[in-house]
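So you know, we letter chains A, B, ... as the sequences are listed, proteins then strands, and number each from 1.
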There are 2 protein chains.
Amino acid sequence: MTETETTIEETYQLDQQVGFLLRLANQRHAAIFQDHAVGDLTRTQFAAIARLAEHGRCSQNQLGRYAAMDIATIKGVVDRLKQKGLVGTEPSQDDKRRSLISLTPKGEALVEDLHRAGREISRATLAPLTPAEQRSLLKLLGKLA
Amino acid sequence: MTETETTIEETYQLDQQVGFLLRLANQRHAAIFQDHAVGDLTRTQFAAIARLAEHGRCSQNQLGRYAAMDIATIKGVVDRLKQKGLVGTEPSQDDKRRSLISLTPKGEALVEDLHRAGREISRATLAPLTPAEQRSLLKLLGKLA
DNA sequence: TCCATAACATTTGCATACTAATGAATTTTG
DNA sequence: CAAAATTCATTAGTATGCAAATGTTATGGA
């Protein structure tokens, strides 16, 4: 290895760090999401609704886990979805600590649109890659988790 | 394609969406960053300092661009770094609109540690992947941006 | 049966992250 | 040369994102 190669290898480059690249990818995804937003839902609200559609009624704590959100975060997301009339909450019958969350009819009505938009958002996000690269990226990201 | 395959293909799965996977990867990176934090810097503060070390003194607007941050966001990050005594600001001589940001000696003193930690954080983040997969992931993420 | 531990949700506090509006300063255009 | 357009930074507002503390409830062990 020549001195030049050593120097290049040792120079810290933020642009090449996985964290920085993840951030850029995330920002681009956010922008694309904005272009295809259904209603005026945010990315996290979208994820919460998608999980409720998939799992049905569940506790707030469970929903947070399904949607990869901290318990304080999911509290806020559920509050805002309640304000939008898209989810409802009720106390659990067999565990007074629990709050059960479910989609309202209004929320249910959005699900198909959200799925359609979700597919389009993913398609647009991955557009710079070939199909093989797209599969590879999803696989590698999945392996990181 | 059989009906089963069609059904699986058409069922919307949040787990397989690139946005969701990016979120998970980001969260994991955040947790690893926390384990290796230098001082009590956050990921965005780290990025800002790394960019200042790389580019030298620049305007706040420019620093935001270098670090992939919104102008309102970089304002807050610079404020907090000033509070920590790691950066200083001065008005530009030739453009009164501009504020020039640079590292203080205290900030400079951190840079080597930050680079070392940065490498370790990236290494740990990519650890689940083989070296070839790591290169592939970085390349694909770079292609998405 | 009672106490310690754990679970669930809420609250507080701090740090982003971004849009939009605003004012000051600079640049461009007629 | 003056007005229009653009740039830079600040501010306000909203939405996360997470750690830590807190109170209530449930569970497990002695």
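- Non-hydrogen atoms lying under 4.0 Å from DNA chain D are contributed by B:R23, B:Q27, all within residues 23-31 of chain B.
- Under the 4.5 Å side-chain heavy-atom criterion for Ile, Leu, Val, Met, Phe, Trp and Tyr, A:Y66 and A:I71 are members of distinct hydrophobic clusters.
- Contacts of B:T89 classified as side-chain contact (heavy atoms from CB on, under 4.5 Å), with partners at least two apart in sequence or in another chain: B:V78, B:K82, B:S99, B:I101.
- Comparing the axis of the opening five pairs of the helix from C:dT1-D:dA30 to C:dG30-D:dC1 with that of the closing five pairs yields an angle of 20°, rounded to 10°.
- Cluster membership for B:L138 and B:L129, using ILVMFWY side-chain heavy atoms within less than 4.5 angstrom, is shared.
- For A:K143, the side chain to side chain donor-acceptor pair (under 3.5 Å) partners at least two apart in sequence or on another chain are B:E133.
- Side-chain to base pairing of A:R97 with D:dA26: no donor and acceptor N or O lie closer than 3.5 Å to each other.
- A:E54 is linked by a side-chain contact (heavy atoms from CB on, under 4.5 Å) to A:R51, B:D15, counting only residues two or more places apart in sequence or in another chain.
- Surrounding CD of B:E120 are more than 12 heavy atoms belonging to other residues, nucleotides or ligands, all under 6.0 Å away.
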Scan the side chains in residues 22-32 of chain B for donor-acceptor partners under 3.5 Å anywhere in the protein, sequence neighbours excluded, and list what turns up.
{"from": "B:R23", "atom 1": "NH2", "to": "A:A67", "atom 2": "O", "distance (Å)": "2.5"}
{"from": "B:N26", "atom 1": "OD1", "to": "B:R43", "atom 2": "NH1", "distance (Å)": "3.0"}
{"from": "B:N26", "atom 1": "OD1", "to": "B:R43", "atom 2": "NH2", "distance (Å)": "3.4"}
{"from": "B:Q27", "atom 1": "NE2", "to": "A:A68", "atom 2": "O", "distance (Å)": "2.7"}
{"from": "B:R28", "atom 1": "NE", "to": "A:L144", "atom 2": "O", "distance (Å)": "3.2"}
{"from": "B:R28", "atom 1": "NH1", "to": "A:L144", "atom 2": "O", "distance (Å)": "3.2"}
{"from": "B:R28", "atom 1": "NH1", "to": "B:T125", "atom 2": "O", "distance (Å)": "2.8"}
{"from": "B:R28", "atom 1": "NH2", "to": "B:A124", "atom 2": "O", "distance (Å)": "3.3"}
{"from": "B:R28", "atom 1": "NH2", "to": "B:T125", "atom 2": "O", "distance (Å)": "3.4"}
{"from": "B:H29", "atom 1": "ND1", "to": "B:R43", "atom 2": "NH1", "distance (Å)": "2.9"}

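- One hydrophobic cluster, built from ILVMFWY side chains closer than 4.5 Å, holds both A:L81 and A:L110.
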Could you pull out every donor-acceptor pair under 3.5 Å between side chains of residues 102-109 of chain B and any protein atom, sequence neighbours left out?
{"from": "B:T104", "atom 1": "OG1", "to": "B:G85", "atom 2": "O", "distance (Å)": "2.6"}
{"from": "B:T104", "atom 1": "OG1", "to": "B:L86", "atom 2": "O", "distance (Å)": "3.1"}
{"from": "B:T104", "atom 1": "OG1", "to": "B:G107", "atom 2": "N", "distance (Å)": "3.1"}
{"from": "B:K106", "atom 1": "NZ", "to": "B:K84", "atom 2": "O", "distance (Å)": "2.9"}

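- Atom CD of A:E90 has more than 12 neighbouring heavy atoms from other residues, nucleotides or ligands inside a 6.0 Å radius.
- Between A:R65 and C:dC8 there is a side-chain N or O to OP1 or OP2 distance below 4.0 Å.
- Taking every heavy atom of residues 55-64 of chain A and every atom of DNA chain C, pairs under 4.0 Å involve A:S59, A:Q60, A:N61, by number.
- Separating the CG atom of B:L100 from the P atom of D:dC8 is a distance of 12 Å, rounded to the nearest angstrom.
- If you check the side chains of B:S92 and B:D94, you find a donor sitting under 3.5 Å from an acceptor.
- Near DNA chain D, meaning a heavy atom under 4.0 Å away, the residues from residues 67-96 of chain B are B:I71, B:A72, B:K75.
- Cluster annotation: B:V18 is connected to B:L141 through the hydrophobic network of ILVMFWY side chains, with a link wherever side-chain heavy atoms come within less than 4.5 Å.
- Atom CZ in B:F33 sits about 13 Å away from atom C1' in C:dA15, given to the nearest Å.
- Ring geometry for B:F46 versus B:F33: interplanar angle over 60°, hence perpendicular rather than tilted (30 to 60°).
- With sequence neighbours excluded, the residues satisfying salt bridge (charged side-chain N to carboxylate O under 4.0 Å, His left out) with A:D113 are A:R116.
- DNA chain D lies under 4.0 Å from at least one heavy atom of each of the following residues of residues 38-45 of chain A: A:T42, A:T44, A:Q45.
- For A:R135, the salt bridge (charged side-chain N to carboxylate O under 4.0 Å, His left out) criterion is met by no residue, not counting sequence neighbours.
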